[in-house]
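Everything numeric in this text was worked out from a predicted model, so none of it was measured. All ligand and atom numbering here is 1-based and tracks the order in the structure. Only heavy atoms go into these numbers, but all of them, side chains included; no hydrogens, no water, no symmetry mates.
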Amino acid sequence: MTDRIAEFLRTRRPEGPCLVVDLDVVRENFTTFRRALPDSRVFYAVKANPAPEILRLLAELGSCFDCASVAEIEMAMDAGATADRISFGNTIKKERDVARAFQLGIRLFAVDCEAEVDKIARAAPGARVFCRILCDGAGAEWPLSRKFGCDPSMAPTVLEHAHRSGLEAYGVSFHVGSQQGNPQAWDQALASAAGLFRELGERGIGLKMVNLGGGFPAKYLKDVPQVNAYGRAISDSVRRHFGNRLPETIIEPGRGMVGGAGVIKAEVVLISKKHADDTMRWVYLDIGKFGGLAETMDEAIRYPIRTLHDGDETAPCVLAGPTCDSADVLYEKAPYALPISLAIGDEVLIEGTGAYTTTYAAVAFNGFPPLKAYVI
Ligand SMILES: *Cc1c(COP(=O)(O)O)cnc(C)c1O
């Protein structure tokens, strides 16, 4: 919670639920990433929060953009980024979208199999491709599983196929899992990447770039290491595995860039019990899984929640959203401690909600409008 957000909520009193994002925090975060990893170019992962004000600020600060669709590419360009500062980083693309991106000037694409290479060779001849390799996601609170990337043992075939198809086999990418709490998590993937540089080198293909992905955490309830600790661990690993032949590197922070810049203002709609003898209260907010808090799925992300009664005695509550879907429960397996004095109609502030909220909100489930956002 920043003073600017507190002031905005006090003076504007916007109808809730709504997200307020402080651009000063985004600017600071960008600078922090730059300083922590001075040799890496920053490609902001647009999906984390594509608000035009955020994209414009980052474009002005010199950021590049990691986009997953033609629409995200167009948003980044509308914000002032030129095509040479944009990558099409999704490994799953329609060929006509690759063609459209190529027409817009995009020359950097992600692949993780030969079929995707074929699409790019046809629709974006001569472009640069990097091959994404699998990472186990250990240490991440929002792991990205096996959906993206191929086993490192398959990458040489994919990259050599790209080379033979007239593309520039440019590098290797990976993502260590989102909200990664371990700064050492990049080490194993960097060892694999260095191995791939050597192996492709022996085949006469000189890879140039390692895309270190995202994974940098936002602060929720638990403390997380500083970006500097990540910068040091990653630089050490790059040096250890690549020696004197350092590759070009890029990072793709999403959550770490904007998560801590936003606060959601919400309201308690109902507090009830399921049985007269129950001690557990159910607290229903006017925002839930379908209003932007989708990352509470499996109770993965636990947001800090502030109330006007903080400091009073607390008791564990089940926290739920307002819709008529029983999946719309935020925290139940691990109940959330809230003040006993909390009352119906009270305002609550959900912190660390600048990333992965507005775009996850449903269009009108049960008639609830999508999450409003104010970027200040
Ligand atoms: C989502 C995504 C990111 C951003 O990840 P964070 O953990 O939010 O930093 C970066 N790169 C790719 C390819 C992604 O899909």
Distance-only polar pair, side chains of Asp187 and Ser237, donor-acceptor under 3.5 Å: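 Yes, because at least one side-chain N or O of Asp187 sits under 3.5 Å from a partner of the opposite role on Ser237.
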Polar contact flag, side-chain donor to acceptor under 3.5 angstrom, His175-Asn211: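 No pair is found: no donor N or O on one side chain lies under 3.5 Å from an acceptor on the other.
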Phe174 vs Trp186 side-chain heavy atoms within contact, under 4.5 Å: yes
Ignoring angles and geometry beyond distance, decide whether [X] reaches within less than 3.5 Å of ligand 1 through its nitrogen or oxygen atoms.
{"X": "Ala45", "result": "no"}
{"X": "Arg132", "result": "no"}
{"X": "Ser178", "result": "yes"}

Could you tell me which atoms of ligand 1, counted from 1 in the order shown, lie closer than 4.0 angstrom to a heavy atom of [X]?
{"X": "Asp66", "value": "11 (N), 12 (C), 13 (C)"}
{"X": "Gly254", "value": "4 (C), 6 (P), 8 (O), 9 (O)"}
{"X": "Pro253", "value": "9 (O)"}
{"X": "Arg255", "value": "6 (P), 8 (O), 9 (O)"}

Inter-residue atom distance Phe216.CZ - Gln180.CD, 0.5 Å rounding: 10.0 Å
What is the closest protein heavy atom to [atom], and at what distance does it sit?
{"atom": "atom 5 (O) of ligand 1", "result": "His175 NE2, 2.9 Å"}
{"atom": "atom 11 (N) of ligand 1", "result": "Glu252 OE1, 2.6 Å"}
{"atom": "atom 8 (O) of ligand 1", "result": "Tyr356 OH, 2.6 Å"}
{"atom": "atom 14 (C) of ligand 1", "result": "Lys47 NZ, 2.9 Å"}

Stacked cation flag Arg302 on Tyr331, 6.0 angstrom / 45 deg: yes
Trp282 six-ring centre to Lys274 NZ/CZ under 6.0 Å and within 45° of normal: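 Yes, Lys274 and Trp282 form such a contact.
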From CA spacing to verdict: ring pair (Phe, Tyr, Trp, His ring centres under 6.0 Å), Tyr374, Phe8: CA-CA 9 Å; Tyr374 301 90; Phe8 177 86; 5.3 Å; yes
